[in-house]
Structures are given as structure tokens and as C-alpha cells.
Engineer: 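Pasting in a structure now, in C-alpha cells, and then I'll have a few things to ask.
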Amino acid sequence: MKKIKKRVLALLMGVGLGLGAASSAVAQQSLEDVMKARGLTQKDLLAAAKTYTPTGGRDEYLAFSSGGQSGHVIVYGIPSMRILKYIGVFTPEPWQGYGYDDESKAVLAQGRILGKDITFGDTHHPALSETNGDFDGKYLFINDKANPRVAVIDLHDFETKQIVVNPFFRSEHGGAFVTPNTEYIMEATQYAAPYTEDFVPLEEFNEKYRGGLTYWKFDKKKGRIDLANSITIELPPYSQDLSDAGKGPSMGWGFTNSFCTERYVGGIERGRPPFEAGCSQKDTDFMHVTNWKKAEELVKAGKVKKSKGMYLISIEQAVKEEILFLIPEPKSPHGVDVSPDGKFIIVAGKLDSHAWVYSFDKIQKAIAAKKFEGKDAYGIPIIKMKDALHSQVQVGLGPLHNQYDAKQCVVYTSIYVDSKITKWNYCEGKVLDQINIHYNVGHLVSMEGETVSPDGKYLIALNKLSIDRFNPVGPLHPQNHQLIDISGDKMQLLYDMPIPLGEPHYVTAIKADKLKPAIRYKSGWDSRTDKRSQWRTRAGREKTERSCDTDGKCTVHIYGTVIRSHITPEIIEVTEGDTVSIHLTNLERAQDETHGFAMYSQSVNLSIEPGKTVSTTFVADKAGVYPYYCTEFCSALHLEMQGYLLVKPKGYKAKAGAIQEGQQYTKADYDKQVKTNVDTQAVINSVVGFITSHNYKDFPEVVALVEDATEQLGFADGAKKKSEGYAAKKDYQNSTLWAGQWWQYQVKAADIGLRAKTYLEEHDAKKVAK
Ligand code: CUK
Ligand code: CUA
């Protein structure tokens, strides 16, 4: 205690730590010295200057990366490549309390399949919401390949709000891709399976197994996917792969490619050639061209039947209504990417060395003229490749994905086998530049490269192998994201960034200033439903309610609060067998003042951000003592932010007598504490004087700090009054303890005041006449 007091006071008095001497020693080292010592070249220095972000600096773009097998989303800044957040999506994430509080458990429960909790997801493609084909910064969607699911993340708070399960599919890959006004989110199958839940032998593969493409309807007002107005188009049992939505002239259409149109079923253990041989025999596979606008019209006209809660268009109906066509594409294609102007669709064939550029105009002409080369086994008309193709360009061995530049007709294609990025002109069919990457690049992303107006500037190669790029950390290597400068004619490698969390298939990057995330929640907020929580409470209104049903089963609801640095209540008493529901509301209004809540043996960890209300429910099935505490270091007295859950045995009779404090206090103790408080107040006043004598109102951050400090001083005043009340009654035990609490609030106010003072000094605030 004494030590803390001394330190805080020392800080308040502005006693320096001798940092001045240290910084001048650093300055004596020249740039040349550092270059020599670290073996850096001029080129390295240039790259460093392009990515280094000084303290307090911000990034120009934010990247949303799939977290691969982790089931999360990773958020990082460009060009600094600093990781900012992992967002729990399909997998519990304890730091955020995701999957540990009742509210987020309900979100994960939406993703249950066949009655089972699925606490893993194989995330592949994040997609940002769009308005007029441009990112609007409101929502993020991501798919789960292993379990056919799509999640909705609200970028107001970067939290997962919804998970939908595709009722027809058993796996998927071609999602999430959005239409230009986020009308729909595309999700296509990968591995064909029956639409029914029963057993169907592989002998009936051609007849009963199916692929498909779901257009999930997005309700922008609610910020949720609307299953009842979503549309699935049944597709043949080809392995549908990636998709992309048309825009501009191709608005209203979607493009989905496929592999294994051979409809081969393996069986290596039965002596049959494996899938990989049987699925790559034909020279071409099929791009599926779908007309979602027309599908929507059919739905509106009442022509589409519902199945499993959504609209289902059979292959037969899709053919009859002319909303489904096929076009041959290069063997085992992978990426399919619509150009910013919506006129071209580039497909990269991973077993080919070409990228194939299709013309939407030509496709439309063939459809209008009903010029088809024939039909597939399911009666779907096939447009002749020659009639749809604009050009074919040799880009390297194993092209996978494409991203567009701000420059007209310029596209970048990832070359998996050659470990290269190829920059080329798709209008003229000309290769412009190539760069080596390390190694085996999968997706690549340019800034807002999927939109109608790509920004260019940077490109990130998302590599499948890192091999020798980083310090070895065992047989499982980190992933390697490589930042490339594409602002000039030649691509320039700037930075290697290890990602130690799953295989991030795809990333999408948005201009940072389009995002407007919240600083705090409205008070008593359930962030998962975006409504005021029925379990919220306010300061001074904390309460415990116990109710029992006729079978004698009892439930205890605790409506509690957290604020620097105590949890109310600090003592919870229940009886063995009770169901306990603890609801905590964070009363803080200050930025970044999150509190946590962990408890012994209950697998509970809550993250309670300012304003939020979260709950945890468990059965207190064993009598005993269960300490709980705050898991965020929220103030100097954070370790004291604690409490006890006491689970009493059934029929327990309380012992007589009060809780005995280990320490008894006298008038002298009280006087000493009061003197400390008076001294502290003088220092606070001088800090306040400094702040108010400057133009602090010009700095919103400082205004918020001042509000917070004022609130803490208000609490200090309340504790002071209690302390004085007890002193008047000569109860020096309680008066000393409340004087201590009074000082605790002063320390918090001082801490905040100092932060404000430092901020003003660092930003050269002006002195103003008072
Ligand atoms: S996929 Cu992994 S590199 Cu799922 Cu988009 Cu191509
Ligand atoms: Cu709240 Cu530590």
C-alpha cells in the first residue's frame, strides 16, 4: 500500500525517470551505424521507411484475413502489417469471452449441425459489404468450408452477430462473395452430397448427389441474413468452387466455377484410381453462369417453391427459366474474378499456365441467340468456349487467383507452382512484370481490389509455405503474408509477415477511414442481439433474485456491475444445486476500460467492455468456495478487483458473529489517511489547473478523459462523505476504510488527469488566458 502511494505521488509530482540521458545515447548512433550493424541495404531502408509506422501512427488500410482452421478472422493494418485483432467467429475465443458468455454462446449455437455443437470452422473467404459496388465499411461475411456456414460480423464493434447453416449442403467453398449492393451473399458447394439427410450409396452419385449455389438474402436494416428470403439454385454434382458477382453491365449475374465435372468418385483402397486422377482427366470444366436477378423475380412472382425454410430452384426450373448456363473453362480452374468495370471475368486454371479472360458481352450475345454447343447430362445449355472467350494469356505455371489494380486493364495473378506474382494487361493480353514470392502463393489481395474502384497501391501475397523465412518454431510453420508495393511499374517486395493462426486463404482490405467503429456501447447493451439487455442494471441498483419452482429447483439471478476497481456484488451466496446466472454491466464510460470476469473451475471468462452487459450461467453443483476476479489489468488496484462465490451445502446453518477484519484502525490511522487524501487533492488540483489553462477542449480525447476523471472525483466525494459520517460517530474502523476508498478514487482521477496532461504536452497544446 505504502509503496503504491509513494509511486503515485512521485508520478503526480512529475519526478523524472532519467529518460533524457538514455535518448541522447540513442541519437549518437547514425543511420549508417545501424545499417552496418544489421547488414541492411539501401533497398531495405526504403522498404522499412514505406512500412514503418511511428508510435501513435495509423494505417491507411485495414485487412480482414481469414483465420483458416482457427475459425477466426484476423485484422491487421497495411502497410505496417501490425495485427490489431482476432475476431472469434466459428470458434470460441476466450479473450473476447466469445463462447464463454451466454450471449455469444447463443450465436455459436446458431451454427449447430445435426444437433451437435461445432466449435471449429475452416474459414476461407471474408467479404465486405458493398454499396454501388464499393466497400461501405458496415459488415463482414465469412464462410466455413468444413461445415456449410456463413457468419455475419458487424464492423460497428467487430463482433460476430449471426451464423447461418446451409440446409442443403454438406460442404461449401464458393463463399462468401457479395453482390454490388449486398443484396445477397453467394455460397456454393464444394463436395457434392445428397440434399436429403439420409444415406444414399455412391452408386447413385449422378442421380442423387448434388452441388448448389445459395444466394443468402441480407437484410441491411437488421444487419442479419434472412433465411426465409434466400434462394438456392440446385446444381449438378460437380465440385463447385469459387464464385464472384457481376457488376456494372453484368449486375444481376453470378459466376461460379467448378472442378471434377468428370463426376468421378474415388476409392483408392478398393484399387480404384484416386480422386486426384479421376477429377482431372477432362481438358475443361464448367463455369456456372447464374442470373440471380431473374431468380429473384421468379420468387416475387410466386413461381418458386420453398424447401427447408428457403426458396429452392431445381436444375429443371433453372434451365426452363433461363437462369443457368455453363461455359467450358480450363482444367481444374480455381479463381474466378469479375473486372472492376464488370465486362470481363478472369479464370485461372491451376493445372494450366494460362489465365482465361471471358467477355460478359459475348456471353450475353450467345444466350440471346440461343447459340449453344449442346447440353450437359442435366440438360443445362453449354455456351461454346470460343463464343465467350476474349483472350487467353500465358501467365505462369499454376495460376490461382486474380486481383485488380487501380490502373486500367491491369490485373495480378498468383502463380502457385512457380511461386510468383504476374502483373499483366487483360485487355491487350500482355504480361507486364513478375516478382518471386516465398513460397507457393495462394490468394493475393490488392487494396479494395474486388470493388468497382480498386485503389492499387499495395498487394499482399498469401503464401502457403514459409519454409526458410522466419526463425524456426518446430515442424508447423507460420503462414507468410508478403507485402508488395505496386505503386510503380515494377513490383517491390516490402515485408514478410508471419501469421501464426491457421491458413488464411483470403484477405480483403478496406480504406481505414471507411470504418467507424464504436468506442463504447450504450449502457446495458447486449452486443450480440444489438438491443438493451434484459439483464442490465445501474449503479446502486445491483440486486440478487432467487426463485424456486415446485420441484424445489432454484435459480439465482445476480444483476451486478463492474467499474474500476470492484465487482458488485463482491460476495455471492447460493445453495448447492442452484442454477446461478451472473449478469454484469460495465459502468465505465471511458475508452478502453474493459473489465474481465473469471471464476475458479467454471470455465468462465467474460469480456465486459464499457457499456456492455454479459451473462454467465452454470449450476453450482458442488458446495465450496469459488474465488472470482477481473482479468483485465484495469487500474493500480486491479488485483483487488475480486470476490467470492460461496456455495453452501443444503441445509447449512450460518455461524454466529460478523466477518472479522485482520486489521483494526484508530483515529491516528484515520487522520493519516485524510492527510494523504488532502495532499493528493492538492496535486490533482494542480493537474486540473494545467489542463484547464490549456485549450484542452480542442482535443476530444482529452475532453473524454476529463469527463472520466470528473466522474471518479464524484465517486471520491461519495466515499469521503461516508468516511466523515463514520468519523463523526467515532467508528474509526469504517471511517479509515472509507477514507481509503476515497483515496482509491482520487488515484484513478489522478491517473486519468496525468494521461490528459501528457496528451496535451505531446500535442503542443496552447496556453489560454482564463
Ligand atoms: S481457396 Cu485457398 S488458395 Cu479456399 Cu479461395 Cu484458393
Ligand atoms: Cu477490472 Cu481489473
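Whatever order the structure lists them in is the order used to number ligands and atoms, beginning at 1. FYI, side chains are in, hydrogens and waters are out, and symmetry mates aren't considered; it's all heavy atoms of this structure.
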Engineer: Measure the distance from atom 2 (Cu) of ligand 1 to every protein heavy atom, then report the residue, atom name and distance (to 0.1 Å) of the closest one.
Structural biologist: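 Answer, as residue, atom name and distance: His505 ND1, 2.1 Å.
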
Engineer: Any side-chain heavy atom of Ser65 within less than 4.5 Å of one from His481?
Structural biologist: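 Side-chain contact under 4.5 Å: yes.
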
Engineer: Check ligand 1 against His173 and write out every atom of the ligand that is under 4.0 Å from a heavy-atom position of the residue.
Structural biologist: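 Result: 1 (S), 4 (Cu), 5 (Cu).
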
Engineer: Less than 4.5 Å apart, any side-chain heavy atom of Ile185 and any of Val178?
Structural biologist: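 Ile185 vs Val178: side chains touch.
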
Engineer: Which atoms form the tightest heavy-atom contact between Thr561 and Leu584, and what is the distance?
Structural biologist: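 Shortest heavy-atom contact: N-CD2, 4.0 Å.
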
Engineer: For Leu462, which part has a heavy atom under 4.0 Å from ligand 1: side chain, backbone, both, or neither?
Structural biologist: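 Near ligand 1, Leu462 shows nothing, with every heavy atom at 4.0 Å or more.
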
Engineer: Checking salt bridge (Lys or Arg N to Asp or Glu O under 4.0 Å) for the pair Lys748/Glu593: CA distance, chi angles, key distance, verdict?
Structural biologist: CA-CA 12 Å; Lys748 286 170 194 110; Glu593 282 300 345; over 6 Å; no

Engineer: Considering just N/O/S atoms, say which atom of Glu632 is closest to atom 2 (Cu) of ligand 2.
Structural biologist: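 Of all N, O or S atoms belonging to Glu632, O is the one nearest atom 2 (Cu) of ligand 2.
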
Engineer: What is the closest protein heavy atom to atom 3 (S) of ligand 1, and at what distance does it sit?
Structural biologist: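 Result: Lys464 NZ, 3.3 Å.
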
Engineer: Please state which part of Glu503 comes within less than 4.0 Å of ligand 1, counting heavy atoms only: side chain, backbone, both or neither.
Structural biologist: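 It is neither; nothing of Glu503 touches ligand 1.
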
Engineer: Any sub-3.5 Å donor-acceptor pair from Asn147's side-chain atoms to Arg149's backbone N or O?
Structural biologist: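 Between the backbone of Arg149 and the side chain of Asn147 there is no qualifying donor-acceptor contact (under 3.5 Å).
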
Engineer: Below 2.8 Å, any N, O or S contact between Ser635 and atom 1 (Cu) of ligand 2?
Structural biologist: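 Coordinating: no.
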
Engineer: Could you list which atoms of ligand 1 come closer than 4.0 Å to a heavy atom of Leu242?
Structural biologist: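 Within the 4.0 Å cut-off of Leu242, ligand 1 contributes 5 (Cu).
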
Engineer: Tell me whether atom 1 (Cu) of ligand 2 has Cys630 as a neighbour, meaning an N, O or S atom of it below 2.8 Å.
Structural biologist: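 Of the N, O and S atoms in Cys630, at least one lies under 2.8 Å from atom 1 (Cu) of ligand 2, which means yes.
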
Engineer: Between the main-chain N or O of Ser258 and the side-chain N or O of Glu329, is there a donor-acceptor pair closer than 3.5 Å?
Structural biologist: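 Checked: pair present.
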
Engineer: Restricting to N/O/S, name the atom of His638 that gets closest to atom 2 (Cu) of ligand 2.
Structural biologist: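 Atom name returned: ND1.
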
Engineer: Report whether any nitrogen, oxygen or sulfur of Cys634 sits less than 2.8 Å from atom 2 (Cu) of ligand 2 (N, O or S, backbone or side chain).
Structural biologist: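 So Cys634 does bind atom 2 (Cu) of ligand 2 by this criterion.
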
Engineer: Quick check for you: to the nearest 0.5 Å, what is the distance between His125 atom NE2 and Met186 atom CE?
Structural biologist: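 Answer for the NE2-CE pair, His125 versus Met186, is 12.5 Å.
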
Engineer: May I ask you to list the atoms of ligand 1 that are less than 4.0 angstrom from any heavy atom of His334?
Structural biologist: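 What qualifies from ligand 1 is 1 (S), 3 (S), 6 (Cu).
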
Engineer: With carbon and hydrogen excluded and only N/O/S kept, which atom of His595 is nearest atom 1 (Cu) of ligand 2?
Structural biologist: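 Going through the N, O and S atoms of His595 one by one, ND1 ends up nearest to atom 1 (Cu) of ligand 2.
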
Engineer: Side chains of Leu235 and Ile233: closer than 4.5 Å at any heavy-atom pair?
Structural biologist: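 Yes. Closest side-chain heavy atoms under 4.5 Å.
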
Engineer: Kindly indicate whether a cation-pi arrangement holds for Lys350 with Phe259, taking the cut-offs as under 6.0 Å to the six-membered ring centre and within 45° of the axis.
Structural biologist: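 Yes, cation above the ring, under 6.0 Å and within 45°.
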
Engineer: Can you name the atoms of ligand 1, numbered from 1 with element, that are less than 4.0 Å from a heavy atom of His401?
Structural biologist: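 Every atom of ligand 1 under 4.0 Å from some heavy atom of His401: 1 (S), 3 (S), 5 (Cu), 6 (Cu).
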
